[in-house]
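Note that the structure is predicted; figures quoted are calculated from it, not measured.
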There are 2 protein chains.
Amino acid sequence: MPEDQETTAAAGRSPSSEVIAQALKDRVLSGGYAPGQRLIEMELAEEFGVGRGRVREAFRTLVGEGLLAFVANRGVMVRRFTREEMLSIGRTREVLEGLAARLAAERELTAEEQAALSDCQARMDRAVAADDVEEFNRENRSYHALIAQFAGNELILDFLDRARVPLMRLQLPPGAAAESMPRSNRHHHAITTAILTGMPDAAEAAMRAHVRRGNQHIAELPDEDFQ
Amino acid sequence: MPEDQETTAAAGRSPSSEVIAQALKDRVLSGGYAPGQRLIEMELAEEFGVGRGRVREAFRTLVGEGLLAFVANRGVMVRRFTREEMLSIGRTREVLEGLAARLAAERELTAEEQAALSDCQARMDRAVAADDVEEFNRENRSYHALIAQFAGNELILDFLDRARVPLMRLQLPPGAAAESMPRSNRHHHAITTAILTGMPDAAEAAMRAHVRRGNQHIAELPDEDFQ
DNA sequence: TTGGGTCAGATTGTCAACAATCTTGACTCT
DNA sequence: AGAGTCAAGATTGTTGACAATCTGACCCAA
């Protein structure tokens with residue numbers, strides 16, 4: 001991967017441990033690394049053009065954040081989840097996304113924020129009309145990220161990042177398969193309306209129901225999807 | 001602190017980075033280190049009898065877990081929270097504790113688990129009757145820990161650990177001051193009953209109300225408590 | 001006094017070398 | 001063939017030494 005080399009190593013001279021941690025985090029969250037994949041200190045040290053110590057420290061940060069798993073004398077690997085764990089995590093995601101929706105509805109959103117939410121909703125509507133699953137998934141991700149951001153609560157953002165890790169493994173946001181796309185978008189409409197009209201209870205309830213429906217989707221996946 | 005030296009350094013030969021991280025974590029959570037206090041690599045390296053690298057890696061883990069704050073070229077310090085941050089975190093804690101109560105109520109608790117919960121409740125009752133704030137605080141902590149454990153969801157345990165960090169700073173669980181002790185315990189009774197009788201909705205609602213009331217307490221603290 | 005400059009000590013940042021451990025594959029013996 | 005053994009290579013664990021940076025005290029001039 002030579003172009004990757006250029007973007008990461010050649011850019012700023014000698015990236016700090018934090019920069020490396022962020023780069024690795026992005027790769028894990030975007031699915032660049034597969035779950036269970038082992039990360040080799042030396043390889044990454046060479047790729048980033050630094051000593052092994054810096055890579056080790058980046059590893060430790062990500063272990064603390066729960067993205068990587070550490071085994072003594074074997075190094076780190078991208079954390080892997082069983083179906084039960086994913087369902088547990090999904091349950092947690094349910095209340096956190098619900099809280100984010102509530103907080104967004106409680107806040108006085110700025111005109112720009114309201115527009116951003118409406119625009120995102122409109123793009124999802126178009127994607128559903130065009131039956132474009134890819135586009136819908138993209139916008140769906142933005143939609144949830146937007147709401148979490150509007151909540152204005154740093155910890156929720158952190159926690160949701162972590163709670164979304166296992167979803168990457170399934171490539172697509174749960175419940176966004178072709179058949180469930182229209183239903184998912186109906187949920188979105190209920191949430192969008194509740195937030196824009198300032199109804200916290202309704203926003204939280206709608207979001208929780210929405211996420212719960214997605215988790216149900218995970219429960220129904222065949223065993224093969226979990227190795 | 002010479003006796004501390006003995007308990008940590010002299011015990012097992014050369015503690016690993018993880019052991020050091022755990023030891024530091026305990027000190028932060030138990031108030032052994034004050035918020036804002038700077039931790040010096042060399043000091044700790046000598047105390048534990050290891051090189052600086054191991055201490056640095058322990059630091060990085062704790063930064064990832066949100067216990068320590070890192071500043072480039074200045075090292076780490078025990079993380080300090082503003083009142084706003086504490087309220088944001090409290091809000092998150094509200095839904096997480098609520099979910100834990102719900103999951104505990106949804107599960108079929110074993111006889112032992114039911115007894116443990118009842119016993120804890122009884123001890124709190126006695127503490128209230130005896131007007132023993134110290135004892136009530138201790139049992140209150142056990143009570144919440146017990147419920148989180150009964151939820152059987154690893155991630156909630158992790159998240160709640162993190163969300164409870166800023167409370168340590170205030171020495172006592174919020175809402176457990178002498179005057180609010182009876183009210184706090186009335187809440188506990190509602191929660192205990194809902195869990196033992198298998199009423200998830202009631203358990204979650206009661207727990208959320210309980211935690212929210214505690215957060216209100218934080219909002220009313222004088223500015224001096226936040227430095 | 002006050003503002004700024006500068007220097008020494010303290011502390012963190014970084015690496016490369018060596019030690020310890022694990023993994024792999026070939027080899028042997030039954 | 002199968003199981004056990006061993007050695008070589010790969011990878012992680014650890015440290016000490018040196019470089020870079022920050023902090024605070026001191027000094028001097030306006």
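OP1 or OP2 of D:dG13 sits under 4.0 Å from a side-chain N or O of A:Arg56. When the side-chain nitrogen and oxygen atoms of B:Arg74 are compared with OP1 and OP2 of D:dC22, none of them lie within a distance under 4.0 Å.
For A:Arg60 and C:dG13, the CZ to P distance is 17 Å, given to the nearest whole Å. Atom-to-atom, CE of A:Met77 to P of D:dT12 comes out at 12 Å; the value is rounded to the nearest Å. Atom CG in B:Asn73 sits roughly 9 Å away from atom P in D:dT23 (whole-Å rounding). The CZ atom of A:Phe48 sits 19 Å away from the P atom of C:dG13 (whole-angstrom rounding). Between the CZ atom of A:Arg54 and the C1' atom of C:dA16 there is a distance of 14 Å, given to the nearest Å. Distance B:Arg38 CZ to D:dT21 P: 16 Å, rounded to the nearest Å. Put simply, CD on B:Glu43 is 7 Å from P on C:dT11, counting in whole angstrom units. As rounded to whole Å, 15 Å separates atom P of C:dC22 from atom CD1 of A:Ile40.
Applying the side chain to side chain donor-acceptor pair (under 3.5 Å) rule to pairs touching residues 58-71 of chain A yields A:Lys25-A:Glu65, A:Arg60-B:Glu18, A:Arg60-B:Glu57, sequence neighbours excluded.
Note on ring orientation: taking the six-membered ring where Trp is involved, the planes of A:His210 and A:His188 are perpendicular (angle over 60°, cut-offs 30° and 60°).
Within the nucleic acid shown, B:Phe70 comes within 4.0 Å of sugar-phosphate atoms alone, with no base atom in reach, counting heavy atoms only. Here A:Gly75 lies in heavy-atom contact (under 4.0 Å) with sugar-phosphate atoms only.
Nucleotides of DNA chain C nearest to B:Met42 and A:Gly51 differ in position, and the one nearer the 5' end is that of B:Met42. Nearest-nucleotide mapping onto DNA chain C: of A:Arg52 and A:Ser16, the residue sitting toward the 5' end is A:Ser16. Each of A:Glu41 and B:Val50 has a nearest nucleotide on DNA chain D; the 5'-most of these lies closest to A:Glu41.
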Might you list the N or O atoms of the protein lying below 3.5 Å from N or O atoms in nucleotides 6-10 of chain D, with each pair's distance?
none

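Atom CD of A:Glu154 has 12 or fewer neighbouring heavy atoms from other residues, nucleotides or ligands inside a 6.0 Å radius.
Ion pair B:Glu106/A:Arg91 flagged as a salt bridge, since at least one NZ, NE, NH1 or NH2 atom sits closer than 4.0 Å to an Asp/Glu carboxylate oxygen.
Residues A:Ser14 and A:Arg54 bring a donor and an acceptor atom of their side chains to less than 3.5 Å of each other.
Side-chain N or O atoms of B:Arg83 include one that pairs as donor or acceptor with a backbone N or O of B:Ala219 at under 3.5 Å.
The side-chain contact (heavy atoms from CB on, under 4.5 Å) test applied to B:Arg38 returns B:Ile40, B:Arg74, not counting sequence neighbours.
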